[in-house]
**Q** 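One structure follows; several queries about it will come next.
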Number of protein chains: 2
Amino acid sequence: MDRAILAALQRDATQTASALSGRIGLSQPATWRRIKRLRDARVLSGRRVVLDREALGFGVTVFLGVKLATKGRVSLDDFERAVTAIPEVQLVEHVLGLYDYRLRVVARDLSDFERVLRRRVMTLPGVGDVEANVLLSEERRPGPL
Amino acid sequence: MDRAILAALQRDATQTASALSGRIGLSQPATWRRIKRLRDARVLSGRRVVLDREALGFGVTVFLGVKLATKGRVSLDDFERAVTAIPEVQLVEHVLGLYDYRLRVVARDLSDFERVLRRRVMTLPGVGDVEANVLLSEERRPGPL
DNA sequence: TATGAAATTGACTGTCA
DNA sequence: TGACAGTCAATTTCATA
């Protein structure tokens with residue numbers, strides 16, 4: 001039953017407990033208590049607003065794969081501190097594999113992105129190779145529940 | 001002022017219009033009107049629940065960079081149709097650059113991931129090279145507003 | 001400011017080991 | 001019986017005109 005609630009909320013996070021209750025065949029308070037229990041258990045760890053980047057004038061999203069040149073603990077800390085100070089960086093992912101970090105960067109257009117890349121990213125401490133992919137489109141899936 | 005509202009909502013999407021109004025120094029209805037206007041303008045394009053994958057038993061997140069072997073329009077359509085049918089794929093990003101697609105895949109553990117990779121991903125139509133990075137940690141940033 | 005809808009709480013009931 | 005999960009009714013808080 002909890003799975004049904006999570007799946008429904010993933011599909012539409014705006015629906016109310018009473019709307020959900022009808023759908024899954026429970027009373028409204030029972031449904032609400034389950035949602036609260038999931039929240040308290042940190043299974044539902046938050047709600048997030050989705051902003052339309054295009055409507056805000058940020059038409060370009062680029063993924064950067066970054067390889068560090070030097071990889072001591074201090075290097076990682078320095079890099080993370082510096083990269084999180086770049087406003088255009090939406091997401092910093094520390095990964096294991098061909099790259100050390102993966103960044104999601106938004107910019108107004110490609111020339112704006114070039115500025116970010118040259119002035120901000122290439123000057124980060126310890127940066128080695130940088131590889132870029134420009135986002136064309138993306139689709140979110142419900143994921144396995 | 002709208003920027004302040006968006007920033008506050010990005011930090012915490014659960015706060016109410018009245019809570020926000022105090023923070024930004026407007027009346028509650030005025031704040032609510034601004035939020036509604038932002039929704040109507042599709043700047044606020046939705047709300048999403050955040051699930052804790054670990055709490056649900058999915059401890060492994062892997063990013064896959066996929067290069068297609070053949071790239072006609074039919075190949076792209078076939079690939080997208082097939083990849084969106086894999087439940088473990090949370091995110092499909094069509095990109096320009098070294099890779100053609102980037103996938104975010106979750107699995108219970110590494111051996112579960114190996115199953116997904118061998119049975120599901122490597123058998124996708126038109127797949128060429130596949131490169132993987134395992135997520136260690138990630139941090140979301142507010143982004144440029 | 002006023003109204004209706006939703007969230008939240010409390011009191012009570014039925015089931016199961 | 002004790003723990004739990006449910007329903008219904010009452011209250012508070014929020015969204016909305």
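Letters A, B, ... mirror the listed sequences (proteins, then strands); counts begin at 1. Being a predicted model, the structure only gives us computed values, none of them experimental.
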**Q** Tell me yes or no: between the side chains of A:Q15 and A:R23, is some donor less than 3.5 Å from an acceptor?
**A** yes
**Q** What is the distance, rounded to the nearest whole Å, between atom CG of A:L26 and atom C1' of D:dC8?
**A** 14 Å
**Q** How long is the line joining CZ of A:R34 and C1' of D:dA5, in whole Å?
**A**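 That distance rounds to 7 Å.
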**Q** Round to a whole Å and report the spacing from CG of A:L38 to P of D:dA5.
**A**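 Rounded to whole Å, this separation is 12 Å.
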**Q** Whole Å only: how far is the NZ atom of A:K36 from the C1' atom of C:dT9?
**A**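 To the nearest whole Å, that distance equals 11 Å.
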**Q** Does a side chain donor of either B:R141 or A:Q90 reach within less than 3.5 Å of an acceptor in the other side chain?
**A** no
**Q** Tabulate atom names and distances for all N/O pairs under 3.5 angstrom spanning the protein and nucleotides 11-15 of chain D.
**A**
residue : atom : partner : partner atom : Å
D:dA15  : OP2  : B:A17   : N            : 3.4

**Q** In whole Å, I'd like the distance from the CD1 atom of A:I35 to the P atom of C:dT9.
**A** 14 Å
**Q** Between A:I24 (CD1) and D:dG6 (C1'), how many Å, whole number?
**A** 12 Å
**Q** Check for me whether B:R108 meets the cation-pi criterion with B:F58, that is, NZ or CZ under 6.0 Å from the six-membered ring centre and within 45 degrees of the ring axis.
**A**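 Yes, B:R108 lies over the aromatic ring of B:F58.
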**Q** Considering only heavy atoms from C-beta outward, does the side chain of A:V89 approach that of A:V121 to under 4.5 Å?
**A** no
**Q** Could you check whether B:E93 and B:Y101, counting side-chain N and O atoms only, form a donor-acceptor pair closer than 3.5 Å?
**A**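 Side-chain D/A pair, B:Y101 to B:E93: absent.
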**Q** Is there side-chain contact between B:L51 and A:S45, with heavy atoms separated by less than 4.5 Å?
**A**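 Counting from C-beta outward, B:L51 and A:S45 never come under 4.5 Å.
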**Q** Report the distance from atom CZ of B:R33 to atom C1' of D:dT16, rounded to the nearest whole Å.
**A** 9 Å
